[in-house]
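Numbers restart at 1 for each chain; the letters A, B, ... are given by sequence-line order, proteins then strands.
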Amino acid sequence: MSGGSVVPELPEVETTRRGLAPYLEGATVTGVVIRNPRLRWPIPENLLQCLGGLPVISLTRRAKYLLMEFDSGMLILHLGMSGSLRILPKNTLPEKHDHFDLLLDNGKLMRLRDPRRFGAILWHAGEINTHPLLAKLGPEPLNEHFNARYLYQATRGRNVAIKQFIMDNHVVVGVGNIYASEALFSAGIAPQTRAGKLSLARCAGLVDIIRTTLRVAIEAGGSTLRDFVNVSGHPGYFQQEHQVYGRTGEPCRRCTRPIKLIKQGQRSSFYCEYCQT
DNA sequence: CTTTGCACCTGTTGGC
DNA sequence: TGCCAACAGGTGCAAA
């Protein structure tokens, strides 16, 4: 199971960034094609006036947002649930759901495909972190600021279930629904546990699991990273076999008891009621 | 401030 | 076999 219809989690976004950067950084934007501006928010109509003729200074990432820096500001891209980006030769014919192109002076173009259109392409003329979408984000999971003491402090007095808590971007970014279930299984924590009830030791374990899981996934993406020209636009590494996600009724890989499914905040949570307490 | 619920969208899946 | 409702996911935002 790789490529194709993978929901872009943080490792996929980071791998995409690494794949695109060599083609973008230093290249100058010569044109913009907007076939369908109706993403989560409309793609700005005047985008070419914002960045046309300017070189891409850098491609960075904050949470699952890709940030393309120019002298005049930055292009903010989000892949939503079904978005992918790739580099193609100029004049490559667009297919269904290819909503946006950035034309480059190196004979290539960067193309966004996003069937569900939950993604976003925005322009921000100000400093990074002054954009409303970025200003209130929590720490990166791989940053040292995301540590046991931080999570312990952040959870104090909070009544919400830990599953929903770690998916809150104000707490820590990059933990999606799949990773949340997987991380809580590995940490041995039941998803419905009130955040404020976690001990420091359990916070430490959870932080460790989240960091390790994401780091391994990013390394796996990097190790198989080839060429973003003419490929699917999805990082081509094999997805790690799930411990609990999507395994309702199947035997727990640790104790063989059936995996349970519950809804938390309208989202599916999978867990083992014996191994997670 | 905290917490809950919803909207956005379309390809895929499951039930009849 | 065919049809259609339900479902999945990320995340900003409105409402309680």
Student: Within less than 4.0 Å of OP1 or OP2 of C/dA8, is there a side-chain N or O belonging to A/Lys263?
Tutor: yes
Student: OP1, OP2 of C/dA8 versus side-chain N and O of A/Ser268: anything below 4.0 Å?
Tutor: yes
Student: Among A/Val244, A/Ile209, A/Ile210, exactly one meets side chain to side chain contact (heavy atoms under 4.5 Å, CB included) together with A/Glu182. Which residue is that?
Tutor: A/Val244
Student: With a cut-off of 6.0 Å (strictly less than), are more than 12 heavy atoms of other residues, nucleotides or ligands near CG of A/Asn46?
Tutor: yes
Student: What is the distance, rounded to the nearest whole Å, between atom NE2 of A/His170 and atom P of C/dG12?
Tutor: 7 Å
Student: I want to verify a distance call: between C/dT11, B/dT4, B/dT10, whose nearest atom is closest to the A/Gln164 side chain?
Tutor: B/dT4
Student: What I'd like to find out is whether the side chain of A/Leu59 reaches to under 4.5 Å of the side chain of A/Glu69, using heavy atoms alone.
Tutor: no
Student: Distance under 6.0 Å and angle within 45° of the ring axis: does A/Arg40 meet both against A/Phe118?
Tutor: no
Student: Could you tell me whether A/Leu133 contacts a base, only the sugar-phosphate backbone, or nothing, with contacts defined as non-hydrogen atoms closer than 4.0 Å?
Tutor: sugar-phosphate
Student: Measure from the side chain of A/Arg158, starting at C-beta and using heavy atoms only, and say which of B/dC8, B/dG11, B/dT2 lies closest.
Tutor: B/dT2
Student: Report yes if at least one side-chain N or O of A/His78 is closer than 4.0 Å to OP1 or OP2 of C/dG12; otherwise report no.
Tutor: no
Student: A/Met81 side chain: which of C/dT11, C/dG10, B/dC9 is closest?
Tutor: C/dG10
Student: Take the protein atom CZ of A/Arg113 and the nucleotide atom C1' of B/dG11, then report the distance between them rounded to whole Å.
Tutor: 14 Å
Student: OP1, OP2 of C/dG10 versus side-chain N and O of A/Tyr179: anything below 4.0 Å?
Tutor: no
Student: Answer yes or no: is there an ion pair linking A/Arg18 with A/Glu14, defined by an N-O contact shorter than 4.0 Å?
Tutor: yes
Student: What's the closest nucleotide to the side chain of A/Lys96 if the choices are C/dA8, C/dG10, B/dG11?
Tutor: B/dG11
Student: Assuming nearest nucleotide by heavy-atom distance, tell me which of A/Pro132 and A/Gly80 is located more 5' along DNA chain C.
Tutor: A/Gly80
Student: Can you say whether the rings of A/Tyr65 and A/His78 are parallel (under 30°), tilted (30 to 60°) or perpendicular (over 60°)?
Tutor: perpendicular
Student: Starting from C1' on B/dT3, measure out to NZ on A/Lys163 and report it in whole angstrom.
Tutor: 16 Å
Student: Whole-Å distance between C/dA8 P and A/Met167 CE?
Tutor: 13 Å
Student: Answer with base, sugar-phosphate or nothing: what part of the nucleic acid does A/Gly265 contact at a heavy-atom distance below 4.0 Å?
Tutor: nothing
Student: Can you tell me how far C1' of C/dG10 sits from CG of A/Asn169, to the nearest Å?
Tutor: 8 Å
Student: Take the protein atom NE2 of A/His242 and the nucleotide atom C1' of C/dA8, then report the distance between them rounded to whole Å.
Tutor: 13 Å
Student: Would you kindly give the CD-to-C1' distance between A/Gln266 and C/dG10, to the nearest whole Å?
Tutor: 14 Å
Student: Looking for any heavy atom pair under 4.0 Å, which part of the strands does A/Asp114 touch: base, sugar-phosphate only, or nothing?
Tutor: nothing
Student: Check this one for me: any side-chain N or O of A/Arg117 less than 4.0 Å away from OP1 or OP2 of B/dT10?
Tutor: yes
Student: Could you tell me how far apart A/Arg116 (CZ) and B/dG11 (P) are, to the nearest whole angstrom?
Tutor: 8 Å
Student: Which nucleotide sits closest to the side chain of A/Tyr65: C/dG10, C/dG12, B/dC9?
Tutor: C/dG12
Student: Within the modelled atom types, does a donor on one side and an acceptor on the other bring the side chain of A/Arg267 and the base of C/dG10 under 3.5 Å apart?
Tutor: yes
Student: Please answer whether C/dT11 and A/Phe118 are stacked, defined here as ring centres separated by less than 5.5 Å and planes angled under 30°.
Tutor: no
